[in-house]
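Following: one structure in structure tokens, then a few remarks.
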Amino acid sequence: MTGTVLWEPPADVRDTTRIGAYLGWLERERGLVFADYPALWEWSVTDLPGFWQSIWDYFEVISHTPATAVLPDPTMPGAVWFPGATVNYAEHVLRMPGIGDEDPVVLAYSQSRESITLTARQLREQVRSVRAGLKARGVGRGDRVAAYAPNIPETYVLMLATTSLGAIFSSCAPEFGTRSVVDRWSQIEPKVLVAVDGYRYGDKPLSRTAEVTAIVEAIPSIEHVVTIGYLDPDAGNWQSLAGDDPMAFEAVPFDHPLYVLYSSGTTGLPKPIVHGHGGILLEHLKILALHHDLGPSDRFFWFTTTGWMMWNFLVSGPAVGASIVLFDGNPGYPDMSALWDLVDEAGITYFGTSAPFLMACRKAGFEPRKPGLKAVGSTGAPLPAEGFDWVYQAVGTQLQLQSLSGGTDVCTGFVGASPLHPVIEGVIACRVLGAKVEAYDPAGHPVLGELGELVITAPMPSMPVGFWNDPDGKRYREAYFDVYPGIWRHGDWITIGDDGTCVITGRSDATLNRGGVRLGTAEFYSVVESLPEIADSVVVHLEQDDNPNGELLLFVVLAEGLELDDTLIRKIRGELRSALSPRHIPDEIHQVRAVPRTLSAKKLEVPVKRILTGTPVESAAAKGALANPESLVAFEHLARERSANQA
């Protein structure tokens, strides 16, 4: 795809990067020579056993018993990886290759307390002690341990201690309300709950003691409650979760459950997505080292909560020798510099965040100027071209901007970047190694250069081992394999260029279909939200039997103190007409106070569409899955008005 080239790899990229070192190893050890990334990618998705065995060998995965094969049968769903192998994820994270015992490996910053730094030795010792404390409480292989805790060292230590035992970890960020937490954990029935007493968001203290009490009352499986005194350092009994047993790692099958992540749960109970030790380990070794180029000289940061898969992604950093930087709090407090200041304070080399955060910085006219950064990572939503431009104008000219997309379902990105790729304005550089991502047309045929349904046509090790309590796999199959048998349908629109670059234009279930032309929501939001008057927006398309174009409705949240008037409506329509096309002009534009968002801040077009077509609010969306359920009221009122007018 054509576009402005904003950064190009240096001439010596193969000599200075981890993917270059891997290519050299493939040539020496396997006799495999690849002229460029497309050739390497093609091999990685056509010789799946050869590629994934090379990742296993290159990163020296510790296996307590050998695998009998890599992938005996690639049929999806149900592909089994490395049968016979026994591994432990925590063992590889705590190996921390290239990090000395006294080197810092966790640098944690918080708006609730002073910063904390853990050396490699301290991290290993804390995990050993907490592991012993869990064991003393009867936690063993297959038991569930739940954390109602933020992105702080204690949560990380608990996850590693839990998984070292072969027990299964699950976390919810403390901003999740009682209903959201109970909807998730009542499905997996944890034995131990570790919870904070509260937290600060900016300068606001927020107690969680009432929520913790309600959660414990609602989930009878919880036998032990441990409290971290986070808001009040004198409260809690976290220090009691300790013991003297030596460190050990339970050797578990490759697909033994590691942790349970959850879908957003906007239209029903959140799906409990079970990830396995081996699949997550191999995928994160591959992507963090080869694509993000992380190693012992790096300090890796991603702004995330423990309720988003990017936390699980971030905390695998030490497995490739990178130190990790944790942050808990309001990223906009006291102003937009809060996270950027950590670059200097913590020595961050890789700064990961969300596309909406980068666009908010741009809109605020903020220029952090961080020329020492090696890379900036963006995910969570498509990053428009002007977001790319802002990074190179306001952050640094020598860094690599890596836009990636993936999902909780695979706990990684399947399209992204690598050090071998240039940065082209507005596009994702490549399909990642081992991920056979394709675009399908409505007939189920792969297409290049045109919009299609994002599918994965070959198995990946980090695909879920299943959903919790789904013994026959029915819910799992329905979630990903019901449209194209044997093919993973992800639910996004993607255009893949002849050169391998990708553009994702929104969720395929939120398509704007005007006169048979499919429009993605991402490009729509990019134009509307570039206007200084618009703080946020959501757009939906309603089909109509008597109108092939249907009805396009735009809802806008305006900057403080503004009201939607005819002048602004004309301006919005004019911008959409000139930047996109006449097809993109909404039939109606309405002002609302807030756009409905999930707990991980993703916009929710589908529940809005359902409410406007007559679905009751309580059926259209599970309010506990929303960060702001009160935002649905405005759409309910509009649906009533429209119904009355049509009667």
- Heavy-atom pair of closest approach, residues Ser405 and Asp492: OG-OD2, 4.3 Å
- Between CG of Leu448 and OG1 of Thr495, what distance do you get to the nearest 0.5 Å? 10.5 Å
- Message: Are Leu383 and Met359 packed together at the side-chain level, in the sense that at least one heavy-atom pair is separated by less than 4.5 angstrom?
- Response: yes
- Message: Counting the benzene-type ring for Trp, do His421 and Tyr37 have ring centres under 6.0 Å apart?
- Response: yes
- Message: Main chain of Phe303, side chain of Thr353: is a donor-acceptor contact present, judged purely on distance under 3.5 Å?
- Response: no
- Query: Of the non-hydrogen atoms in Ala429 and Ala417, which two are nearest, and what is the gap between them?
  - Reply: CB-CA, 4.0 Å
- Message: Can you tell me if Arg475 has over 12 outside heavy atoms packed within less than 6.0 Å of its CZ?
- Response: yes
- Query: Minimum heavy-atom separation for Ala381 to Pro356, with atom names?
  - Reply: CB-CD, 4.1 Å
- Query: Where is the tightest heavy-atom contact between Arg573 and Asp587, given as atom of each residue plus distance?
  - Reply: NH2-O, 3.0 Å
- Query: Are the side chains of Phe524 and Leu554 in touch, meaning some heavy atoms are under 4.5 Å apart?
  - Reply: yes
- Evaluate side-chain contact (heavy atoms from CB on, under 4.5 Å) for His541 paired with Glu605, printing each intermediate quantity in order. CA-CA 9 Å; His541 179 259; Glu605 294 104 341; over 6 Å; no
- With ring centroids as reference points, do His92 and Phe59 lie under 6.0 angstrom apart? no
- Query: Got a second to check how far Lys286's NZ is from Tyr58's OH, nearest 0.5 Å?
  - Reply: 15.0 Å
- Task: Taking Thr163 for its side chain and Met159 for its backbone only, find out whether a donor-acceptor pair lies under 3.5 Å.
- Result: yes
- Message: My understanding is that only residues two or more places apart in sequence, or in another chain, count here; which of them pass salt bridge (charged side-chain N to carboxylate O under 4.0 Å, His left out) with Glu529?
- Response: Lys603
- Message: If we ignore hydrogens and angles and just use 3.5 Å, is the side chain of Lys609 paired with the main-chain N or O of Leu542 as donor and acceptor?
- Response: no
- Query: Any side-chain heavy atom of Leu26 within less than 4.5 Å of one from Phe34?
  - Reply: yes
- Atom SG in Cys411, atom CE in Met310: separation rounded to 0.5 Å? 8.5 Å
- Backbone N/O of Ser631 and side chain of Asn628: donor-acceptor pair under 3.5 Å: no
- Item | From Leu433 atom CG to Glu42 atom CD, the distance as rounded to the nearest 0.5 Å | 12.0 Å
- Is there a donor in the side chain of Tyr22 and an acceptor in the side chain of Ser54, or the other way round, less than 3.5 Å apart? yes
- Message: Can you confirm whether Pro272 sits close enough to Asn469 that some side-chain heavy atom of one is under 4.5 Å from a side-chain heavy atom of the other?
- Response: no
- Query: Are the side chains of Tyr440 and Val447 in touch, meaning some heavy atoms are under 4.5 Å apart?
  - Reply: no
- Query: Do any N or O atoms from the side chain of Gln402 and from the backbone of His291 form a donor-acceptor pair under 3.5 angstrom?
  - Reply: yes
- Starting from the C-alpha separation in whole Å, work towards a yes-or-no answer on side-chain contact (heavy atoms from CB on, under 4.5 Å) for Ile428 and Val503. CA-CA 6 Å; Ile428 294 171; Val503 175; over 6 Å; no
- Query: Going through the checks in order, is the salt bridge (charged side-chain N to carboxylate O under 4.0 Å, His left out) test met by Glu478 and Lys271?
  - Reply: CA-CA 11 Å; Glu478 287 173 352; Lys271 294 189 286 286; over 6 Å; no
- Message: Could you measure the distance from the CD atom of Glu189 to the CD1 atom of Ile219? Nearest 0.5 Å is fine.
- Response: 9.0 Å
- Message: Before you tell me yes or no, could you show the steps for Ser170 and Tyr262 under side-chain hydrogen bond (donor to acceptor under 3.5 Å, both in side chains), namely the whole-Å CA-CA distance, both residues' side-chain angles and the distance that decides it to 0.1 Å?
- Response: CA-CA 9 Å; Ser170 187; Tyr262 298 88; 3.2 Å; yes
- Message: Tell me if the centroids of the rings in Phe82 and Trp52 come within less than 6.0 Å of each other.
- Response: no
- Message: Does any part of the side chain of Pro72, heavy atoms only, come nearer than 4.5 Å to the side chain of Pro83, both counted from C-beta?
- Response: yes
- Any donor and acceptor pair, going by atom type alone, linking the side chain of Trp41 with main-chain N or O of Val432 inside 3.5 Å? yes
- Query: Judged by modelled atom types alone, do Ser316 and Tyr89 share a side-chain donor-acceptor pair under 3.5 Å?
  - Reply: yes
- Mark yes or no for whether Arg144, through its side chain, and Ile188, through its backbone, hold a donor-acceptor pair below 3.5 Å. yes
- Query: Is the backbone N or O of Pro257 less than 3.5 Å from a side-chain atom of His275, with the two atoms forming a donor-acceptor pair by type?
  - Reply: no
- Query: Would a line drawn from the ring center of His277 to the ring center of Phe254 be shorter than 6.0 Å?
  - Reply: no
- Would you call the rings of Tyr480 and Tyr476 parallel, tilted or perpendicular, where under 30° means parallel and over 60° means perpendicular? perpendicular
- Out of curiosity, Ile496 CD1 to Cys502 SG, how far, rounded to the nearest 0.5 Å? 5.0 Å
- Item | Heavy-atom side-chain contact between Thr46 and Phe51 under 4.5 Å | no
- Pick one: which of Thr304, Thr305, Asn151, Thr306 meets side chain to side chain donor-acceptor pair (under 3.5 Å) with Trp311? Asn151
- Kindly say whether Leu626 contributes a backbone atom to a donor-acceptor pair with the side chain of Thr598 at under 3.5 angstrom? no
- Item | Distance-minimising heavy-atom pair for Ile585 and Leu552 | O-CD2, 4.1 Å
- Message: Using side-chain hydrogen bond (donor to acceptor under 3.5 Å, both in side chains), reason through Tyr259 and Thr162 one step at a time and then give a plain yes or no.
- Response: CA-CA 9 Å; Tyr259 38 58; Thr162 299; over 6 Å; no
- Query: ring-ring contact (aromatic ring centres under 6.0 Å, His included) between Phe313 and His292: does it pass, once the steps are laid out?
  - Reply: CA-CA 12 Å; Phe313 190 83; His292 296 310; 5.6 Å; yes
- Task: Report the C-alpha separation of Phe414 and Ile287 in whole Å, then their side-chain angles, then the decisive distance to 0.1 Å, and conclude whether the side-chain contact (heavy atoms from CB on, under 4.5 Å) test is met.
- Result: CA-CA 9 Å; Phe414 38 62; Ile287 197 162; over 6 Å; no
- Query: Does Val87 offer a backbone N or O that forms a donor-acceptor pair with the side chain of His256 under 3.5 Å?
  - Reply: no
- Task: Evaluate the criterion side-chain contact (heavy atoms from CB on, under 4.5 Å) for residue pair Trp493 and Thr521; output intermediate values, then yes/no.
- Result: CA-CA 10 Å; Trp493 288 126; Thr521 54; over 6 Å; no
- Query: Thr412 and Ser462: which non-hydrogen atoms are nearest, and at how many Å?
  - Reply: CG2-OG, 3.9 Å
- Presence of salt bridge, Asp183 and Arg179, under 4.0 angstrom: yes
- Query: Residues in salt bridge (charged side-chain N to carboxylate O under 4.0 Å, His left out) with Glu636, at least two apart?
  - Reply: Arg640
- Any side-chain heavy atom of Pro190 within less than 4.5 Å of one from Ser221? yes
